[in-house]
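Heads up: the structure comes next, in structure tokens.
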Amino acid sequence: MNTNSDSILIFTPVITSRTKYIFQLFFAELLGADFQLSNNAEVAASFHGAVLNYSNQNIENSLQISPAGLLEEKGINSHKISFIDYTDHKVPFAVYSKASAFPFDPFSAAFYLVTRYEEYLPYIRDEHGRFSSSSSLAYQKGFIGIPVINRWAKDLAVRMKGVFPGMVFRFPEYKFLPTIDIDAAWAYKNKGMIRTIGGFFKALAAKDFHDIKSRFNTIIGIEKDPFDTFALMKELHDRYDLRPVFFILFAEYGFNDKNIPTNNKRFQELIKTIADYAGVGIHPSYASNSKPNLLASEITVLSNVLHREITCSRQHFLKLSLPETYRRLIDNDIKDDFTMGFAATPGFRAGICTSFLWYDLESEVATKLRIHPFAVMDGTLLDYMKLDSQRATEFIKPLIDEVKNVGGTFISLWHNESLSDDKRWKGWVKVYEEMLDYAVNKQ
């Protein structure tokens with residue numbers, strides 16, 4: 001047995017794929033600590049180093065946390081979850097052992113949240129077939145705006161150091177990653193003759209003469225296309241020394257997939273230009289959720305344009321169905337996904353603001369697909385919450401503060417069109433600038 005004082009021995013009577021996964025998340029990824037597992041109480045009692053006793057047994061010179069039982073289970077079961085107040089929020093999987101260092105089981109609670117356990121259970125889907133934020137435990141109990149798992153990990157470190165003062169933890173540092181979805185690269189230009197004429201007739205039928213004038217002036221080159229905000233984005237990101245990631249809808253035209261034709265040379269040139277200074281990933285089409293073969297095709301076509309492998313993704317409309325969506329991504333060699341967040345509510349869908357490996361609950365296995373949760377989306381603030389530009393900025397800053405306080409990664413989701421400073425997006429360039437400025441300040 002390792003007797004290094006910086007090493008942690010975790011005693012748990014039953015070692016499962018779930019315990020291996022969640023301890024790897026807590027100790028290796030969030031606390032930067034070496035650990036080993038043992039189900040032998042005698043070994044734990046004689047270990048020369050820090051011991052975490054994840055059981056109801058008495059082991060001297062250890063930090064004890066009573067388990068709620070979720071990590072010993074197999075399969076997906078409905079639970080009657082008990083809650084208890086902890087610091088400034090409610091927590092699930094309460095335990096009532098006076099010997100436990102926590103009044104709840106942080107490992108069961110974190111596993112439930114980060115695996116999206118509740119999204120495997122029966123639920124009422126929204127109009128796009130998605131799991132709604134209002135159905136989530138975090139929303140219902142009021143902690144969706146808190147990266148609770150990161151907080152619990154830091155609290156665990158404090159308690160460990162209280163018992164084992166020599167413990168050394170290497171916490172991750174705060175980072176900021178802006179991401180951009182390109183659902184429609186241009187509002188009027190480069191859409192082809194049929195769609196262009198159709199757009200004029202639609203505007204005429206609605207008697208939207210301002211739109212007709214803008215369309216005409218843009219197409220003949222008098223005005224700049226309102227969605228063409230790419231130079232502005234580059235200037236802003238360069239100003240703050242940021243390397244964003246762009247997700248490109250590169251798919252056949254459909255009711256919910258209305259980007260530029262993939263064979264359009266100007267569109268391809270735009271994507272190549274973006275790829276020179278930013279990361280580029282696929283934005284799988286809405287249609288690919290019902291026609292899985294489209295995903296492979298879309299990835300291949302984008303890859304051929306860029307002459308590079310496409311390894312990151314974010315679902316169009318944030319359409320995420322577990323485990324099918326993530327399994328399809330893995331089958332298509334996607335290594336990083338950025339879909340984890342809610343359309344209707346800002347915050348932390350999985351209770352965490354650090355990337356993590358996806359655990360496939362049905363197969364009971366930790367996969368190599370890394371999930372990058374985002375905290376806020378432009379459309380959430382305007383379309384769902386009906387916030388004006390000033391109130392939006394005030395809402396974003398506390399989310400950034402939460403991530404800074406735990407050394408997480410703040411990921412924002414914006415669209416090129418929301419920086420048009422036009423129509424409903426009037427004033428939102430300032431929102432984005434203020435978010436960048438506040439997010440890059442690490443104080």
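Numbers here simply count residues along the sequence, with the first being 1.
Using a cutoff of 4.0 Å between basic side-chain nitrogens and carboxylate oxygens, E364 and K74 are not scored as salt-bridged. Here R349 pairs with E119 in a salt bridge; the nearest charged N to carboxylate O distance falls below 4.0 Å. The pair E434-K397 does not count as a salt bridge, with every side-chain nitrogen at least 4.0 angstrom from each carboxylate oxygen. With respect to the salt-bridge test (charged N to carboxylate O, under 4.0 angstrom), the residues E309 and K335 qualify. Residues K423 and E417 are not paired through a salt bridge, judged by the lack of any N-O separation under 4.0 Å between the basic side chain and the carboxylate.
Distance CG/L357 to OG1/T115: 13.5 Å, rounded to 0.5 Å. Taken to the nearest 0.5 Å, the OG atom of S412 stands 11.0 Å off from the CG atom of L399. Put simply, CD1 on I330 and CG on L369 are 5.0 Å apart, with the number rounded to the nearest 0.5 Å. D228 contributes atom CG, which lies 7.5 Å from atom CG of L270 (distance to the nearest 0.5 angstrom). Summarising the geometry, atom CG belonging to L70 is positioned 9.0 Å from atom OG1 belonging to T16; distances are rounded to the nearest 0.5 Å. Rounding to the nearest 0.5 angstrom, the gap separating the OG atom in S355 from the CD atom in E29 is 6.5 Å.
Note that K404 lies in the cation-pi zone of Y438, set by a 6.0 Å cut-off to the ring centre and a 45° limit from the axis. Cation-pi check for R159 over F102 is met; the charged atom lies under 6.0 angstrom from the ring centroid and within 45 degrees of its normal. In this structure, K154 satisfies the cation-pi test against F171, with its NZ or CZ atom closer than 6.0 Å to the six-membered ring centre and inside 45 degrees of the ring normal. Under a cutoff of 6.0 Å and an axis angle of 45°, K98 and Y96 do not form a cation-pi pair.
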Evaluate L382 against L387 for side chain to side chain contact (heavy atoms under 4.5 Å, CB included), listing each step before the verdict. CA-CA 5 Å; L382 178 65; L387 299 179; over 6 Å; no
Under the criterion salt bridge (Lys or Arg N to Asp or Glu O under 4.0 Å), I'd like the reasoning laid out for R151 against E402: C-alpha separation, chi angles, the key distance, then a yes or no. CA-CA 9 Å; R151 280 204 195 177; E402 286 285 351; 3.1 Å; yes
Verdict with supporting geometry, K234 and T273, side chain to side chain contact (heavy atoms under 4.5 Å, CB included): CA-CA 11 Å; K234 186 176 187 308; T273 300; over 6 Å; no
Derivation of the side chain to side chain contact (heavy atoms under 4.5 Å, CB included) call for I396 and F410: CA-CA 11 Å; I396 294 170; F410 177 72; 4.2 Å; yes
Determine, step by step, whether K175 and E173 satisfy the salt bridge (Lys or Arg N to Asp or Glu O under 4.0 Å) criterion, reporting the C-alpha distance in whole Å, the side-chain angles of both residues, the deciding distance to 0.1 Å, and the verdict. CA-CA 6 Å; K175 297 177 183 177; E173 294 185 358; over 6 Å; no
R327 and E362: CA distance, side-chain angles, deciding distance, salt bridge (Lys or Arg N to Asp or Glu O under 4.0 Å) verdict: CA-CA 11 Å; R327 286 178 177 174; E362 283 191 354; 3.5 Å; yes
Salt bridge (Lys or Arg N to Asp or Glu O under 4.0 Å) for D336 and R370? Distances and angles first, verdict last. CA-CA 5 Å; D336 297 89; R370 184 160 287 276; 5.2 Å; no
Begin with the C-alpha distance, continue with both residues' side-chain angles, and end with the deciding distance and a verdict on ring-ring contact (aromatic ring centres under 6.0 Å, His included) for F250 and F267. CA-CA 10 Å; F250 210 62; F267 189 27; 5.4 Å; yes
Throw together a table of side-chain donor-acceptor distances under 3.5 angstrom for residues 295-302, partners on residues two or more places apart or in other chains.
{"from": "E298", "atom 1": "OE1", "to": "S285", "atom 2": "N", "distance (Å)": "3.1"}
{"from": "E298", "atom 1": "OE2", "to": "S285", "atom 2": "OG", "distance (Å)": "2.6"}
{"from": "T300", "atom 1": "OG1", "to": "A296", "atom 2": "O", "distance (Å)": "2.8"}

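More than 12 heavy atoms of other residues, nucleotides or ligands shown are found within 6.0 angstrom of CD on E433. The environment of CG in N77 is crowded: more than 12 heavy-atom neighbours from other residues, nucleotides or ligands sit within 6.0 Å.
Checked against a 6.0 Å centroid threshold, the rings of F247 and F338 count as neighbours. Between F26 and W152, a ring centre-to-centre spacing not shorter than 6.0 Å is recorded. For Y326 and W358, the distance between ring centers is under 6.0 angstrom. Between H316 and Y286, the distance separating the two ring centers is not shorter than 6.0 angstrom. In this structure, F104 has its ring center closer than 6.0 angstrom to the ring center of Y86. Aromatic ring centres of H79 and Y117: separated by under 6.0 Å.
By the 30° and 60° cut-offs, the orientation of the rings of F107 relative to Y54 is perpendicular. Ring geometry for Y277 versus F246: interplanar angle over 60°, hence perpendicular rather than tilted (30 to 60°). Classified by interplanar angle (parallel below 30°, tilted 30° to 60°, perpendicular above 60°), the ring pair F23/F27 is tilted. Classification of the Y21-Y359 ring pair by plane angle, with boundaries at 30° and 60°, yields tilted.
In this model, no donor atom of one side chain and acceptor atom of the other lie less than 3.5 Å apart for S38 and N40. Side-chain atoms of N150 and T354 include a donor-acceptor pair closer than 3.5 Å. Residues T179 and R314 bring a donor and an acceptor atom of their side chains to less than 3.5 Å of each other. Residues D337 and H372 bring no donor and acceptor atom of their side chains to less than 3.5 Å of each other.
If you run side chain to side chain contact (heavy atoms under 4.5 Å, CB included) between F93 and each of S108, S82, P106, only S108 comes through.
The backbone N or O of T345 lies less than 3.5 Å from no partner atom in the side chain of Y139, so there is not a single donor-acceptor pair. Checking side-chain atoms of S135 against main-chain N and O of F131 turns up no donor-acceptor pair under 3.5 Å. Side-chain atoms of N264 never come within 3.5 Å of backbone atoms of I260 as a donor-acceptor pair (strictly under, hydrogens ignored).
Every residue meeting the side-chain contact (heavy atoms from CB on, under 4.5 Å) condition with D126, not counting sequence neighbours, appears here in chain and number order: H128, R130, S132.
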